[in-house]
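Any value given below was found using the heavy atoms of this structure, including those in side chains, with hydrogens, waters and symmetry copies removed. Below, chains carry the letters A, B, ... as their sequence lines are ordered, and counting in each starts from 1. Just so you know, these numbers come straight off a predicted model, no measurement behind them.
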Protein chains: 2
Amino acid sequence: MSHFKVGEIDVSSGQAVVIEGAKSPQLFTVLDGMGVRFRTLEDGRSQITNFVMPGDFIGMQDAMLDDIGYSIEATTPMTLCVFRRSDIWTLFRNHPERAFDMTWLVCSEEHFLGSALATVGQRSALERVAWALVVIHDRFRQLGRVDNGVFSFPFRQQDLADALGLSLVHTNKTLAKLRDRGLASWAEGVVRVFDREGLRQLAVMDEVERKVRPLI
Amino acid sequence: MSHFKVGEIDVSSGQAVVIEGAKSPQLFTVLDGMGVRFRTLEDGRSQITNFVMPGDFIGMQDAMLDDIGYSIEATTPMTLCVFRRSDIWTLFRNHPERAFDMTWLVCSEEHFLGSALATVGQRSALERVAWALVVIHDRFRQLGRVDNGVFSFPFRQQDLADALGLSLVHTNKTLAKLRDRGLASWAEGVVRVFDREGLRQLAVMDEVERKVRPLI
DNA sequence: CGACGAGTTGAACTGTTTCAAGTAGTGTGG
DNA sequence: CCACACTACTTGAAACAGTTCAACTCGTCG
């Protein structure tokens, strides 16, 4: 991929990376830092569709559809590797393995959104929060950031609420319930998963085997 | 695509096309008929992720991820064109334009799931149903099945409820509200959209330009 | 004819939201 | 160094949107 690389950019925390509706001609890979990907309704409500983490590949959707359906904002400072959108076609033509990997990532993203939709559509607040903690925990573990169930998590409770379609207040109270049950806690930016299996069962989710993410 | 075609299959209404968890080695294009794509939780709750219609391309996700995350069931009798999963790689290698189109479809699917997630996560029941009617109406119009806002819709209200994360009863009552307001009606398998613009505004959704779907 | 699926409507209940008030931590400026 | 503003989190109580339960209609199928 290296000769498609245009450069690197740094985005400081709180700043927008991609703005909904704009026609950003770029594709990114996240080298470092985290952010949120979200959609906003005209009246201000916003839905976080996922948390963006190192290794994520952003912008394929826009590049293909000529229309960005979401915004991305950096939560921590981020470093992104930038590709030229117009090179995608060249990639499909000359580097089918890379194109294949990129498609794999999009499929995997779609898969995740399907799970998230089922969660928000069908699960109760307690189940949703438990589900989110399992998913986030597993993703952080893949990144090697989990030490014995403990990892630091840079987002706000409001972000989790926006991701799960719950109010901030209820998200907070639900987290308190999980804490009381000894399943997990989240305080001062640190999440502690005491009982992943218990959370998983509470969330009525089945075990999924880990997938190997291709690197772009 | 024609020499990747393995054959055609017919599925009668009510039958499963793809079963969650199974490893179906096939890809399909819907030639005719409609169905639902859904995910089930272990305790039986189910979330419809989308309505499957003619022209839809199914199975890319599975083929890529080696794991099917959803089921598909035929609502009306369906005719599907079957491809061999193992040919995907050949396609990327020898027919980059086709691979590009397939990726485009996956991106477009992802885009839709993002909208659906924002709907289920943020919109009220009234807004959700209005949103769904606009989306469904537009999709049916693309298929050329809408005559002056009127089209026949083979699904049950329970299906719409499962798609929107609402109970059947409340979905029904919400439809009644839209009928009372003169925006749309749905009776005996026929949907009438009297005021698409009114529905769109009620749903707090912005206008989107139509995209050209590639045919697979 | 009886059983069954789909739709409809009313009434009771409840999970979640909204409102409200307060704590703790952090940064800013006088 | 203290007052002030501001953001994140926490907790209680009131309000309400949506669920659940229940009963009834209508058409279809065997």
Side-chain angles (χ1 to χ4, degrees), chain A residues 12-14 36 41 43-48 73 75-76 119-133 152-180 184-192 202-204, chain B residues 12-14 36 41 43-48 73 75-76 119-133 152-180 184-192 202-204:
Chain A
S12 54
S13 72
V36 291
L41 305 195
D43 61 4
R45 284 174 281 180
S46 83
Q47 173 71 38
I48 289 185
E73 195 177 294
T75 297
T76 68
T119 294
V120 174
Q122 304 299 324
R123 287 189 241 254
S124 70
L126 196 62
E127 292 166 343
R128 288 186 217 185
V129 175
W131 175 85
L133 288 175
S152 73
F153 189 65
F155 302 97
R156 297 166 309 158
Q157 294 191 2
Q158 180 69 66
D159 296 322
L160 184 61
D162 286 344
L164 298 175
L166 295 170
S167 69
L168 167 62
V169 173
H170 200 57
T171 302
N172 181 291
K173 287 174 180 169
T174 306
L175 282 166
K177 259 181 212 162
L178 294 177
R179 195 189 321 125
D180 294 346
S185 79
W186 176 8
E188 284 134 50
V190 176
V191 172
R192 287 163 220 272
L202 179 57
V204 198
Chain B
S12 55
S13 73
V36 291
L41 306 195
D43 62 4
R45 283 174 280 181
S46 83
Q47 173 71 37
I48 289 184
E73 196 177 293
T75 296
T76 68
T119 295
V120 174
Q122 304 299 324
R123 288 190 239 255
S124 71
L126 196 62
E127 293 166 343
R128 288 186 216 186
V129 175
W131 175 85
L133 288 176
S152 73
F153 189 64
F155 302 97
R156 298 166 308 158
Q157 294 191 1
Q158 180 69 66
D159 295 322
L160 184 61
D162 286 344
L164 297 175
L166 295 170
S167 69
L168 167 61
V169 173
H170 200 56
T171 302
N172 181 292
K173 287 175 180 169
T174 306
L175 282 165
K177 261 182 210 161
L178 294 178
R179 195 189 321 125
D180 294 346
S185 79
W186 176 7
E188 284 135 48
V190 176
V191 173
R192 287 162 220 273
L202 178 57
V204 198

Nearest-Å distance, CG (A/Leu175) to P (D/dA8)? 16 Å
What is the 5' to 3' range of DNA chain C, first to last nucleotide, that sits under 4.0 Å from any heavy atom of chain B? C/dA6 to C/dA11
So, the side chain of B/Gln122 versus the backbone of A/Ser46: is there a donor-acceptor pair under 3.5 Å, distance only? yes
To the nearest 0.5 angstrom, please state how far the CH2 atom of B/Trp186 sits from the CG atom of B/Leu133. 8.0 Å
Could you work out, with side chain to side chain contact (heavy atoms under 4.5 Å, CB included) as the rule, every residue matching B/Ser124, not counting sequence neighbours? B/Leu126, B/Glu127
Any pair with a residue in residues 165-179 of chain B that passes side-chain hydrogen bond (donor to acceptor under 3.5 Å, both in side chains), sequence neighbours left out, goes on the list, sorted by first then second residue, please. B/Gln157-B/Asn172
Looking at DNA chain C, which of residues 152-164 of chain B put a heavy atom within less than 4.0 Å of it? B/Arg156, B/Gln157
Please report how far the helix from C/dC1-D/dG30 to C/dG30-D/dC1 bends, comparing the axis fitted to its first five pairs with the axis fitted to its last five, to the nearest 10 degrees. 30°
With a 4.0 Å cutoff (strictly under), does any side-chain N or O of A/Asn172 reach OP1 or OP2 of D/dT10? yes
Please list all pairs meeting salt bridge (charged side-chain N to carboxylate O under 4.0 Å, His left out) that have one or both residues in residues 158-168 of chain B, counting only residues at least two apart or in different chains. B/Arg156-B/Asp159
Restricting to non-hydrogen atoms, name the atom on A/Ala163 and the atom on A/Val120 that form the minimum distance, rounded to 0.1 Å. O-CG2, 3.9 Å
Applying the side-chain contact (heavy atoms from CB on, under 4.5 Å) criterion to A/Phe155, which one of A/Ile48, A/Leu160, A/Thr75, A/Thr76 satisfies it? A/Thr75
Side chain to side chain donor-acceptor pair (under 3.5 Å) partners of B/Arg128, counting only residues at least two apart: none
For B/Leu166 and B/Ala125 the tightest heavy-atom approach is CD2-CB, 3.9 Å
Heavy-atom contacts, protein to nucleotides 17-30 of chain D, under 4.0 Å, summarised as B (base), S (sugar-phosphate only) or - (none) per nt, yield -BBBB---------
A/Arg192: side chain to side chain contact (heavy atoms under 4.5 Å, CB included) partners, not counting sequence neighbours: A/Val150, A/Ser185, A/Val190, A/Phe194
Side chain to side chain contact (heavy atoms under 4.5 Å, CB included) involving A/Asp43 - partner list, sequence neighbours excluded: A/Leu41, A/Arg45, B/Val204
